[in-house]
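Protein chains get the first letters and strands the later ones, always in sequence-line order, with residue 1 at the start of each.
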Amino acid sequence: MIDQRFNPKDHEQRIYQRWEEAGCFKPSGDTSAQAYSVMIPPPNVTGSLHMGHALNHTVQDILCRFERMRGKNVLWQPGMDHAGIATQMVVERKLAAEGNQSRRDMGRDAFINKVWEWKEESGGQILEQDKRLGSSMDWSRTKFTLDDDMSEAVTKVFVDLYNYGLIYRDKRLVNWDPHFETAISDLEVETKEVDGHYWHLRYPLADGVTYEHPAFDEEGEPAGIETRNYLVVATSRPETMLGDTCVAVHPDDERYRGLVGKFVDLPIVGRRVPIVADEYADPEKGSGAVKITPAHDFNDFEVGKRAGADVLNILTSKAAIVGGDEAEAAGIPEQYIGLDRFEARKAIVTAFDELGFLQEIEKLKIEQPVGDRSGSVVEPWLTDQWYVDAATLAQPSLEAVQQGKTKFVPENWDKTYYNWMNDIQPWCVSRQLWWGHRIPVWFGPSFETFEAFENSKREDESFDLGVTVNANISNTSGVKYFVAATSEEALAQARSYYGDGVSVALSENDDPAIRFAFNLKAGTRSVKLLQDADVLDTWFSSALWPFSTQGWPNETDNLKAFYPSAVLVTAFDIIFFWVARMMMMGIKFMDGEVPFKDVYIHAIVRDENGKKMSKSEGNVIDPVDLIDGIDADALVAKRTTGLRQPEKAPQVEKETRKKYPKGFEAYGADALRFTLAAMATKGRDINLAVDRVAGYRNFGTKLWNATRFAQMNEATFGQSLNPQDLELSVNKWIVSELYKSTTAIVDALEEYRFNDAAAAIYKFTWDILCDWYLELSKPVLMGDDEAAKAETRLTLGWVLEQTCAALHPFSPFITETLWEQTGERTDFLMQQTWPGLDGGWGDEAAADEMNWVLRTISEIRSVRSNVNVPASAKVPVSLLDANDETAKRVEAHRDVICRMARLDRLALAKAAPDGAVKTVVDEATLVLEVAEFIDTSAEVERLSKTLDKLNKEIGGLSGRLGNEAFVAKAPPEVVAEQRIRLAELQGTRDKLSAAREQLSS
RNA sequence: GGUCGAUUAGCUCAGCGGUAGAGCACUGCAUUGACAUUGCAGGGGUCACAAGUUCGAACCUUGUAUCGACCA
């Protein structure tokens, strides 16, 4: 006999270990079977399991377990992402906290070693947590995006794309994160609305020019015209004026028409800059004149280009004001050099104020771009970076979705994908970080550069020139790129490029410069190649995940079997980051074949109020806490650490204690998984309510207890059952119902309707199996018809096993435990065949018969309750007007009806005794002889209420059927159906109304 | 500003042309033997609003309002 309760802690980890040891997670390797593969979205190595992962992984695990049971050769590929910025940040913080040298002091190699050490010690805890969830990934194949074989794939893709002309180096404004001192892609920039200011600055006109401008009085009312010798520009970033190289006004703006072509004398720096006409200037916004800083604003860059204006850089990589040559070029006074941008802002505003050039400070909301990892304000900055020609790669990826080669589920996400793909910008893939795939490019001087220097330095006997190519310095012109998988290949390319007279070698570690030299006397020329210091965007390697994990570029069996994958499961927030890029790379490198056939986009898990779960908001529900339980104090402690606003801790505590006064119980992984599946609808958000987890834990308990009941009644487990051999209607019926439910689950899962699948197994288990079948079987199991008993024991055991099988993908632990503990098992439930795979089985006659039994019992119970017959009272019931079939059914099921409806007698009769309560089931009238309990007037009232409802519905139906247009135009089956229903309702109405007549007389 | 989406029972959400559903919460009744992590019965909804299409609209179309997400 199984325990009284299922205690998840006693079984989950034990069962998981058994599965893993038995190799249950590995692909069957049966190549005759259909392959089914799912690649996990590799979580960050720094990550820990949050609710989003839990949903994501539950969905994948349900699919994988289901398809395994359907006999497919299933691979669920695990792995992790090295997560460049995130990881580097974590390790840098840790080093700082431990009082270590900074990354730059330590040097590149030493730092990377530290990161690897950290990774081995603390990275990847999410994968361990995944085991708690029951994820059936094949751990023996776990990949890490920085593994050697993965890096090989990354390098090859980079080199090939370069050779196809799809990767190029370009000098453009890039989003620069001054905190990490790296470029980031457009996608890594978030726009935040913050309180800011518009400073209205006066730029004096040069050469004594004046113009007429509408004037306003102190209330802002128009007050004629005034003569101005200055132009007002409004800016949220006054410090950038140091780099202004023109001022733009709209060509149609009457106010400034006469000023186009004139100049302003830029205060502080004393530069004379032109006033140009450009449609970018919005007459409605601010003063209508806009200062243009081409080096520090994307729009200004374009305006500057159109106007032929200079580009003056004024910021360092840390977003401080530049010094040196650049300061000189921009005319930046000494006192500003080295100031942080926000300090510089104050200083510039003060300076304008002192000069009398600060006209107004306007408070308003401004849109501020911030780095998604650092949270610091991103600066557009002019640098040389590597770009992927995304637009070219996007085209076939767009077409693949349009042609249905890859389908989005729900399908409306394809619009999001199209919008992005149609407007895709070059993808900046180089990052000025250390943790990542080193870009496989070596720099040397271009041949022309070399010769030009050589010629200009002829008189020197020897010459040694360094050209730094660090991206921080924005000049790499005159550089030749050797793009190669290995340094040997790069050297070979260089030797062939420079010719025999030049000796080529690699530069020493950490030398930040390309070096080349010649020596006339000795007749030697030499070049030292410098490998690009940068690494690739993390998403570059994730984009290759579907094939790089399977051994590409080698043509492996895995690649053949498991590419393309069946489905990619993810949330919508990484459609751009990841899905789109996998499509591009997959199609490009896998002969046009898409990386996955379906993309299932699931919702984002929020807290029960619909807020995004966030550690900094203190509203996180940790999946493992729902599995293992957590007391209120520990939960509060967890939620009040790491708050964005620590002063909110008392409020967070109050809310947490109010909502979860006892913390969370240990609901177990099954309950959590089932909840997530039940809530995985095709909507956008899931608001996770802990109550529901409790409810689905109860569901597990229900099944557990049903099994205990079966054991107590000597149900037989581990036997096969042929539905054709069944004799009893009740057994035929439950098997039919089982197959109906498993079919519904299959249909739902094939369409990714996880909520419908979960609802189907829930309803079958609880409402049909437990509430009805178990009760219906009791008279048989406790009776003395040995044949019927044996058949019912067999059916009961078998149906429970099949139920466990159908529930297994959702709730693997409790079902596997039940399987293990109800028989001598030589294998696992997770290896069993899905119920009804060879086609279901149904028995309509048995279903009709049992449905009549169910209706009859329900009807009697309902009447009893309505007229307040005490639950303990056993009442006699007779049936009037029963036809032959009903009479037979009464004979067959009298015992069970009496038991379940609490009757002391059920008999056919010709007339009703006085004071009886009547109700109708089909053609027959049920007469409850409960005169002693009822109050006639209450009963008349009850009947009247029922009759009102009936009449209303009958009215609606007959009205519809009386409508010629309906009869003529609606589908015949609908008309027929409604006619039948009308007839039924009328029959019932007539009988009940007769019953009422009788009572009232 | 553009795009996508939401508005259904007290709450969280399904349903998306043919009798308004689930879970939780609520009400009444039930307590020896599967299960109180329970059973039985029940109350509760002009499906945001307006117009249109249709024999028929929660569902399709258009508009309005409110809320949200993403992209500028």
Side-chain angles (χ1 to χ4, degrees), chain A residues 1-2 4-6 186-187 189-191 298-299 367 369 410 412-420 422-423 572-573 575-576 603-604 606-610 612 665 667 671 675 678-713 715 753 755-756 758-759 762-763 766-767 770-771 774-775 777-778 782 796 857-858 860-872 900-902 949 952-953 956-957 959-971 973-975 977-978 981-982 985:
Chain A
M1 177 69 59
I2 56 177
Q4 194 126 19
R5 295 241 161 89
F6 173 68
D186 300 345
L187 287 177
V189 178
E190 287 173 359
T191 311
F298 289 100
N299 290 311
E367 302 284 323
N412 56 293
W413 286 111
D414 61 9
K415 290 199 188 68
T416 306
Y417 174 86
Y418 292 148
N419 287 344
W420 169 253
N422 277 321
D423 190 33
F572 65 81
D573 53 354
I575 291 179
F576 305 147
I604 302 274
R606 300 174 182 279
D607 77 2
E608 50 198 298
N609 301 318
K612 200 166 176 173
E665 286 179 64
Y667 298 113
T675 307
M679 297 185 90
T681 58
K682 292 184 176 176
R684 294 192 156 218
D685 300 321
I686 290 178
N687 294 356
L688 184 80
V690 176
D691 282 349
R692 286 195 68 165
V693 183
Y696 291 122
R697 184 271 319 268
N698 297 354
F699 172 59
T701 307
K702 190 76 187 172
L703 175 65
W704 185 265
N705 280 303
T707 308
R708 289 190 82 227
F709 166 80
Q711 283 187 324
M712 287 172 185
N713 287 283
R753 289 182 285 113
N755 59 318
D756 288 341
Y762 183 95
K763 204 171 150 110
W766 202 312
D767 299 349
C770 291
D771 287 350
L774 257 43
E775 296 303 327
S777 72
K778 280 179 184 172
M782 290 162 190
L796 177 57
I857 293 169
S858 296
I860 296 170
R861 282 171 170 175
S862 178
V863 172
R864 284 179 63 122
S865 174
N866 278 323
V867 299
N868 296 320
V869 176
S872 53
M900 292 181 69
R902 304 192 67 79
K949 265 191 203 162
K952 207 173 152 196
E953 206 177 330
L957 273 174
R960 195 177 306 165
L961 286 162
N963 179 348
E964 280 174 34
F966 172 70
V967 178
K969 294 191 181 172
E973 64 273 18
V974 172
V975 178
E977 196 184 289
Q978 306 219 346
R981 179 155 172 79
L982 179 62
L985 291 175

- Task: Could you tell me the separation between the CG atom of A/Leu982 and the P atom of B/U19, rounded to a whole number of Å?
- Result: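 Value for this atom pair: 14 Å.
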
- Task: Round to the nearest Å and state the distance from A/Asp414 atom CG to B/G5 atom P.
- Result: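 From A/Asp414 CG to B/G5 P: 10 Å.
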
When rounded to the nearest Å, what value does the distance between [atom1] atoms of [N] and [M] take?
| N | M | atom1 | answer |
| --- | --- | --- | --- |
| B/C47 | B/A6 | C1' | 14 Å |
| B/G18 | B/G56 | C1' | 7 Å |
| B/A48 | B/U12 | P | 15 Å |

How would you label the contact of [X] with the nucleic acid (heavy atoms, under 4.0 Å): base, sugar-phosphate, or nothing?
| X | result |
| --- | --- |
| A/Gln4 | nothing |
| A/Leu774 | base |
| A/Arg861 | sugar-phosphate |

Any donor and acceptor pair, going by atom type alone, linking the side chain of [X] with main-chain N or O of [Y] inside 3.5 Å?
| X | Y | value |
| --- | --- | --- |
| A/Arg606 | A/Leu688 | no |
| A/Ser865 | A/Arg861 | no |
| A/Glu665 | A/Ala694 | no |
| A/Arg960 | A/Phe966 | no |
| A/Asp423 | A/Asn419 | no |

- First encountered from the 5' end of RNA chain B, between A/Phe576 and A/Arg708: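 Mapping each residue to its closest nucleotide by heavy atoms, the 5'-most match is A/Arg708.
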
- Item | For A/Phe709, all residues meeting ring pair (Phe, Tyr, Trp, His ring centres under 6.0 Å), sequence neighbours excluded | none

- Message: Tell me whether the side-chain N/O atoms of A/Ser862 come closer than 4.0 Å to OP1 or OP2 in B/G42.
- Response: yes

Using a cutoff of under 3.5 Å, can you pull out all pairs of nitrogen or oxygen atoms linking the protein to nucleotides 55-62 of chain B, with atom names and distances?
from, atom 1, to, atom 2, distance (Å)
B/C55, OP1, A/Lys969, NZ, 2.4
B/C55, O2', A/Asn963, ND2, 3.1

- Query: Is the number of heavy atoms from other residues, nucleotides or ligands within 6.0 Å of NZ (A/Lys778) greater than 12?
  - Reply: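 Atom NZ in A/Lys778 is crowded, with more than 12 foreign heavy atoms closer than 6.0 Å.
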
Pairs under 3.5 Å (N/O, protein and nucleotides 22-33 of chain B):
from, atom 1, to, atom 2, distance (Å)
B/C24, O2', A/Asp691, OD2, 3.4

- Partners meeting side chain to side chain contact (heavy atoms under 4.5 Å, CB included) with A/Glu977 (sequence neighbours left out): none

- Only counting residues at least two apart or in another chain, list the ones meeting side chain to side chain contact (heavy atoms under 4.5 Å, CB included) with A/Ala710.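 A/Ala710: side chain to side chain contact (heavy atoms under 4.5 Å, CB included) contacts with A/Ala715, A/Phe717, A/Leu796, A/Leu800.
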
- Could you tell me whether the side chain of A/Phe6 reaches within less than 4.5 Å of the side chain of A/Leu703, counting heavy atoms only?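 A side-chain contact is absent here, since even the closest heavy-atom pair is not under 4.5 Å.
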
- Whether A/Tyr696 and A/Tyr762 hold their rings parallel, tilted or perpendicular, with breakpoints at 30° and 60°: perpendicular

- Message: In dot-bracket form, 5' to 3', how is RNA chain B paired? Count Watson-Crick and G-U wobble pairs only if both distances fall under 3.5 Å, and write | where the partner sits on another strand.
- Response: (((((((..((((....[..)))).(((((.......))))).....(((((..]....)))))))))))).

- Message: Should the side chain of A/Lys415 and the base of B/C4 be counted as holding a donor-acceptor pair, with the cut-off at 3.5 Å?
- Response: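 Not at all, since no donor on one side and acceptor on the other fall under 3.5 Å apart.
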
